[in-house]
2 protein chains.
Amino acid sequence: MKKDRKTIYEARAKIIKAMAHPSRLLIIEELHHQERCVNELTEMIGADTSTVSKHLSVLKNAGLVSDEKRGNCIYYNLRCTCILDFIDCVEEVLTANAEDQKNIMKACKR
Amino acid sequence: MKKDRKTIYEARAKIIKAMAHPSRLLIIEELHHQERCVNELTEMIGADTSTVSKHLSVLKNAGLVSDEKRGNCIYYNLRCTCILDFIDCVEEVLTANAEDQKNIMKACKR
DNA sequence: TGGCTATTTGGCTATATTGCCAAGTAGTTT
DNA sequence: AAACTACTTGGCAATATAGCCAAATAGCCA
C-alpha cells in the first residue's frame, strides 16, 4: 500500500476503532441526546468508573467527544452528530444480515 | 446496561469493529468502485495472501461484503454502499481534529 | 493424472484491548 | 484541615487481534 494512502486509512481506522465497542456506542448515543458526566454514564453502563473514564478518553482522543468542567462534574459532549447517520448505516447492515438469515432458514425448511 | 440494549450495541460494535482496520478500509473503498478478487486486493495492500483472506473473512462475517466464485477467482462485492457515507463522516471528524490542532498551534505562537 | 493457480485454514508469536482494583489528583464542602 | 465527591492513572491478568509461514483445499489446464 502506498505510504500516504496508508496514512489516511490509519487515521480513519483510529476513529472507527474508537467507536467499535458496545459501551462506547452507548456513550455516543447517549451524548447525542444530551451532555453527560462520567458518573451518569458509569451508572448507565454498569462498569467500574475507571473503565468508563478510559472509554471516554478513547473517544476524546479520537476527537469524537469533548469535555468541559462545570461545577463538580466533567461534562462530555458529542462533537460530530453525523456519527448517528453512521449508526443508521450499521443498522441497515444488521437488517440485511437478518434478512439473509431468514432466507437461509426458509431454504433449510424446504 | 440492560441486557437487550447490550445485545444491540454488541451487534453494532461487531460491524464497526470489522471496519476498524486500515487494510479493511482500503478493501471497502476499493470494492465500492468495482468487485475484486483476493489476488488483486492482496497486491494493492501488499501483505500476505493469507492475511488479506482473513481480512475478507472478517468483512464477510460482518455482512459487509459478499463473495461469488466465477471462473478461477472469488470475487468480493460491497454489500452496503451507505458505508461510504460513514467514511465521509469520519473525514469530517478528522477535519475537525485538524482544525483544533491548528488553533492550538496558533495559541502557542502568541 | 499431475501440476497450476487461487484461496482458505491452522499454528504461532507479537501486540493491543478490556476491565478490574488500588492509588492518585483535584476541587468542594463542612 | 479533614472528609467527600468526581474523575484519572498505573498496574496487572485475561482475552482478542494481526500477520506471517506452512499446509490444506479446490477448481482449472495440459
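Letters A, B, ... mirror the listed sequences (proteins, then strands); counts begin at 1.
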Could you give the CD1-to-P distance, from B:I27 to D:dG19, as a whole number of Å? 10 Å
To the nearest angstrom, the CD-P distance between A:E10 and D:dA18 comes to 13 Å
B:H21 vs A:K17, side chain to side chain contact (heavy atoms under 4.5 Å, CB included): CA-CA, chis, key distance, verdict: CA-CA 8 Å; B:H21 187 284; A:K17 205 181 282 187; 6.0 Å; no
Value in whole Å for how far the P atom of D:dT8 lies from OH of A:Y75: 14 Å
Given atom CZ of A:R70 and atom C1' of D:dT5, what is their separation to the nearest angstrom? 17 Å
Counting only heavy atoms not in A:E10, do more than 12 fall under 6.0 Å of its CD? yes
So what does A:K60 touch, heavy atoms closer than 4.0 Å: a base, only the sugar-phosphate, or nothing? nothing
With heavy atoms under 4.0 Å as the rule, sort B:R24 into base, sugar-phosphate or nothing. sugar-phosphate
Using the closest heavy atom to pick a nucleotide of DNA chain D for each, name whichever of A:L56 or B:K54 lands nearer the 5' end. A:L56
State, to 0.1 Å, how close A:A13 and B:L25 come at their nearest heavy-atom pair, and which atoms those are. N-CD1, 3.5 Å
Contact pattern, 5' to 3', of nucleotides 22-30 of chain C - B, S or - by protein heavy atom under 4.0 Å: B----SS--
A:H55 has an atom NE2; how far is it from atom P of C:dC20, in whole Å? 8 Å
From C-beta outward on A:C73, which listed nucleotide comes closest to its side chain: D:dA6, C:dA6, D:dT17? D:dA6
What is the distance from CE of B:M19 to P of D:dA18, rounded to the nearest Å? 14 Å
Testing C:dA6, C:dT9, D:dC7 for proximity to the side chain of B:N39, the answer is C:dA6
Candidate list A:I16, A:T81, A:I83, test side chain to side chain contact (heavy atoms under 4.5 Å, CB included), partner B:C89, passing option: A:I83
My understanding is that a pair needs two contacts under 3.5 Å, Watson-Crick or G-U wobble. By that rule, which nucleotide pairs with D:dA30? C:dT1
Answer with base, sugar-phosphate or nothing: what part of the nucleic acid does B:Y76 contact at a heavy-atom distance below 4.0 Å? sugar-phosphate
Can you tell me the distance, in whole Å, between the OH atom of B:Y9 and the P atom of C:dT18? 17 Å
Any donor-acceptor pair under 3.5 Å linking the side chain of B:T42 with the backbone of B:V38? yes
Without decimals, in angstroms, what is the distance between B:K17 NZ and D:dA16 P? 9 Å
If each of B:D67 and A:A20 is mapped to the nucleotide of DNA chain C with the nearest heavy atom, which maps nearer the 5' terminus, i.e. the 5' end? B:D67
Side chain of B:C37 - closest among D:dT8, C:dG19, C:dT7: C:dT7
For D:dC20 and B:T51 - does any side-chain N or O of the residue sit under 4.0 Å from the phosphate oxygens OP1/OP2? yes
Is B:R79 salt-bridged to A:E99, cutoff N-O under 4.0 Å? no
Without swapping roles, check the side chain of A:R12 against the backbone of B:V90 for a donor-acceptor pair under 3.5 Å. no
Would you please test A:L59 and A:L31 for side chain to side chain contact (heavy atoms under 4.5 Å, CB included) and show each step? CA-CA 12 Å; A:L59 290 170; A:L31 296 185; 5.8 Å; no
Options D:dG19, C:dT18, D:dC7, nucleotide nearest the side-chain atoms of A:V38: D:dC7
